[in-house]
Amino acid sequence: MAERAAILQANRRYSESFGEKGSLPLPPARRIAILTCMDARLDPAAYAGLQEGDAHVIRNAGGRASDDAIRSLVISYKLLVERRRL
């Protein structure tokens, strides 16, 4: 239960400091999607130099292009390309 309380407290702090990030556009600023492993030791923001709003990050077991990952990448592509045309 202590872990849950710590996570909820961290979430409160994060949401209170979110500020103007809520108004970032839906398509990522750097116009990229990253498919990576869900391994907890990996931090995509750190290894790719990302900030909130920079990229769509899709995490799954093994970082493999499974059907679910491909579906997410297609949705990301639609947001990246289709919105650009509007």
>> With clusters defined by side-chain heavy atoms of hydrophobic residues (ILVMFWY) lying less than 4.5 Å apart, directly or transitively, does L26 cluster with L24?
In response: no
> Got a sec, which residues hit side chain to side chain donor-acceptor pair (under 3.5 Å) with D68, two or more places apart in sequence or on another chain?
Replying inline: none
>> Return the NZ to OH distance between K21 and Y14, rounded to the nearest 0.5 Å.
In response: 5.0 Å
> Atom OG in S76, atom CZ in R31: separation rounded to 0.5 Å?
Replying inline: 9.5 Å
> Got D54 and P28 here, is their nearest side-chain heavy-atom distance under 4.5 Å?
Replying inline: no
>> Side-chain heavy atoms nearer than 4.5 Å, only ILVMFWY residues, links allowed to pass through others: does that put L42 and I34 together?
In response: yes
> Would a 4.5 Å heavy-atom cut-off, applied to side chains only, mark P27 and H56 as touching?
Replying inline: no
> More than 12 heavy atoms of other residues, nucleotides or ligands under 6.0 Å from CG of D67: is that the case?
Replying inline: no
> Short question: side chain of N60, backbone of R64 - any donor-acceptor pair under 3.5 Å?
Replying inline: yes
>> Using 0.5 Å steps for rounding, measure from the CD atom of Q51 to the CZ atom of R30.
In response: 9.0 Å
> Distance from L73 atom CG to K78 atom NZ, nearest 0.5 Å?
Replying inline: 13.5 Å
> Passes side-chain contact (heavy atoms from CB on, under 4.5 Å), V57 versus L35? Steps please.
Replying inline: CA-CA 6 Å; V57 178; L35 173 61; over 6 Å; no
